[in-house]
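Just so it is clear: chains get the letters A, B, ... in the order the sequence lines come, proteins before strands, and each one is counted from 1.
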Protein chains: 2
Amino acid sequence: MSDIVFDHKECGSCPIRHRAVCARCETDELNELDSIKYYRSYEAGQPIVWSGDRMDFVASVVTGVASLSQAMEDGRTQMVGLLLPSDFLGRPGRDVAPYDVAAVSNLTLCCFRRKPFEALMTRTPHIAQRLLEMTLDELDAAREWMLILGRKTAREKIASLLAIIARRESSLALKSTGDGMMFELPLTREAMADYLGLTLETVSRQISALKREGIITLEGKRRVIIPDFDRLQIETGDDMDGGMMA
Amino acid sequence: MSDIVFDHKECGSCPIRHRAVCARCETDELNELDSIKYYRSYEAGQPIVWSGDRMDFVASVVTGVASLSQAMEDGRTQMVGLLLPSDFLGRPGRDVAPYDVAAVSNLTLCCFRRKPFEALMTRTPHIAQRLLEMTLDELDAAREWMLILGRKTAREKIASLLAIIARRESSLALKSTGDGMMFELPLTREAMADYLGLTLETVSRQISALKREGIITLEGKRRVIIPDFDRLQIETGDDMDGGMMA
DNA sequence: TGGGCGCATTGACCCAGATCAAAAAACGTG
DNA sequence: CACGTTTTTTGATCTGGGTCAATGCGCCCA
């Protein structure tokens, strides 16, 4: 789809953004990106920015998982996005964060100072184009999530989440034995509940049910094994073929 | 926020897109846009494109309301976006529709043939920029909707929908008496249910409840009067001040 | 080696909203 | 204006998932 490479491992000094850019960029631009980038690390659970905060950087996730969520002041919260390695954080052209961002697991970001990044972007059309591309992907993901939140049962929600993470995670492959797959679940039950619009008790119950029926296996608390992906896929309620997810 | 004008009334020959462009464009580009545009009308309920269809145009809504929705093959559907006059339809750089698009009310679109539109876009950076801007707005709206779908009660959902439409509709002002407002509800109960992840019965009941409590008044079946917007706003469950919506 | 703390699981009960069913408005249309 | 069609309202009942509460399971650290 794109000649841009999205794997951190392929680019020692700086990941995605750098890599995303350098596929077509001149050396000058690479140097410029290098000069405005810096790394930041966060521990699991740590907040990164709050809704309404001024954000003076954009970033890409190097390792770990971050969450975007919206909160109602009575305490109800809804996660509206999950950032895995190679995902982009921040909104070029907008300096106020519209949601809370937090580290779900230990997290490393590669940050770029916003102003010079935007300047570079305006001067380099294909970067703007790439940003549009990525934003459209996020929009697709958000809308897929609307279907999950609005119309799926608890069981389908859990199956959908597992399927989505499995697809993402296993392309950056932790292990993929035959058609079975295995991955480290990066979310607590509570985080899953926040994402799926459920309570953590319901999440736990549904996971237990899937386990009981042999659709998934847990190794310890977080390592998930999916012996037969198609079987899980059926539980999502989705159209078999129709390409979901961004 | 932007020097681009979004009111069809201000631009006789072509609406939004044209107008959006001409704020900064040269005459050549205006002429070019004119040469690739055409109008299409649809009747209420008519489908415009199905998920998976090839789309050879992008468009902006001139009059009426269109819906974007995702369907599960067992019949459950979730509306994932609502297009009101001045909203943009279509995804530059992508030629396959990711959801079903339908006319909710009688609808007029101003369409641009996709290829030349994209070509113009690549040649004219500020159009790409504007598209990114608009996509970010859609993303915000989608994520606000995730909160509504995932965490709000039926009553809060209805109140939120009415508040959102009231804000949109009354800025293009049907009437705004004092702090009260009145507008034409462009959706059937079923469409509202599809949007809110409810059943049409629940929608009807909640509307009746709001009516009974004097928070809204109906004139006929579709004309809604909101005597005190703040009162409605409270029912949404949202933070009073925090700017919602795009 | 045994608290203590942060998840996770499980159980019992309840309620908001779904489902099923029917009546009542609204709306053409011949 | 009577009549069929569509949309909306209302009622009665059922149920998936929420709520409240207890218990279990690592895991760290003393």
What is the distance, rounded to the nearest whole Å, between atom [atom1] of [X] and atom [atom2] of [N]?
X         : N       : atom1 : atom2 : result
Leu200(B) : dA24(C) : CG    : C1'   : 15 Å
Leu185(B) : dA26(C) : CG    : P     : 15 Å
Leu198(A) : dA16(C) : CG    : P     : 18 Å
Arg76(A)  : dG18(D) : CZ    : C1'   : 13 Å
Lys211(A) : dC25(D) : NZ    : C1'   : 12 Å
Leu149(A) : dG16(D) : CG    : P     : 20 Å
Leu196(A) : dG16(D) : CG    : C1'   : 15 Å
Glu201(A) : dA22(D) : CD    : P     : 14 Å

Asp56(B) vs Arg114(B), test: salt bridge (Lys or Arg N to Asp or Glu O under 4.0 Å). Steps then yes/no.
CA-CA 5 Å; Asp56(B) 56 350; Arg114(B) 208 167 59 79; over 6 Å; no

Check whether the side chain of [X] and the base of [N] form a donor-acceptor pair under 3.5 Å.
X         : N       : answer
Glu190(A) : dC7(C)  : no
Arg189(A) : dG6(C)  : no
Arg155(A) : dG16(D) : no
Arg212(B) : dT10(D) : no

Would a 4.5 Å heavy-atom cut-off, applied to side chains only, mark Ile164(A) and Ile148(A) as touching?
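The answer is yes; the side chains approach within 4.5 Å.
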
Any side-chain heavy-atom pair of Ile216(B) and Leu162(B) under 4.5 Å
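Sidechains of Leu162(B) and Ile216(B): in contact.
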
Is there a side-chain polar atom (N or O) of Thr199(B) under 4.0 Å from OP1 or OP2 of dA18(C)?
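Yes, such a contact exists.
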
When you measure from the side-chain N and O atoms of Ser204(A) to the phosphate of dT9(C), is any distance below 4.0 Å, counting only OP1 and OP2?
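Yes.
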
More 5' along DNA chain C: Thr202(A) or Thr153(B), using each one's nearest nucleotide?
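With Thr202(A) and Thr153(B) compared, the 5'-side residue is Thr202(A).
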
Check the angle between the aromatic planes of Phe57(B) and Tyr38(B) and answer parallel, tilted or perpendicular using the 30° and 60° thresholds.
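Aromatic pair Phe57(B)/Tyr38(B) classed perpendicular.
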
Axial bend angle, the helix from dT1(C)-dA30(D) to dG30(C)-dC1(D): five-pair end segments, nearest 10°:
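For the helix from dT1(C)-dA30(D) to dG30(C)-dC1(D), the axes at opposite ends meet at about 30°.
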
Return the set of residues passing side-chain hydrogen bond (donor to acceptor under 3.5 Å, both in side chains) with Ser105(A) (not counting sequence neighbours), or none when no residue passes.
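Once residues adjacent in sequence are excluded, Ser105(A) has no partner under the side-chain hydrogen bond (donor to acceptor under 3.5 Å, both in side chains) criterion.
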
Check side-chain hydrogen bond (donor to acceptor under 3.5 Å, both in side chains) between Asp53(B) and all other residues, then give those that pass, not counting sequence neighbours.
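side-chain hydrogen bond (donor to acceptor under 3.5 Å, both in side chains) list for Asp53(B), sorted by chain: empty.
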
Taking the nucleotide of DNA chain D with the nearest heavy atom to each, does Lys221(A) or Ser208(B) sit closer to the 5' end?
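The residue whose closest nucleotide sits nearer the 5' end is Ser208(B).
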
Identify whether any heavy atom of [X] sits under 4.0 Å from a base atom; if not, whether one sits that close to sugar-phosphate; answer base, sugar-phosphate or nothing.
X         : value
Ile207(A) : nothing
Arg222(A) : sugar-phosphate
Gly45(A)  : nothing
Thr188(A) : sugar-phosphate

Does Tyr99(A) have its ring centroid less than 6.0 Å away from the ring centroid of Trp50(A)?
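No, they do not, as the ring centres are separated by 6.0 Å or more.
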
To the side chain of Arg205(A), which of dT19(D), dT19(C), dG17(D) is closest?
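Shortest atom-to-atom distance from the side chain points to dT19(D).
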
Using only heavy-atom distances, determine whether the side chains of Asp194(B) and Thr77(B) contain a donor-acceptor pair under 3.5 Å.
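Yes, a side-chain donor-acceptor pair sits under 3.5 Å.
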
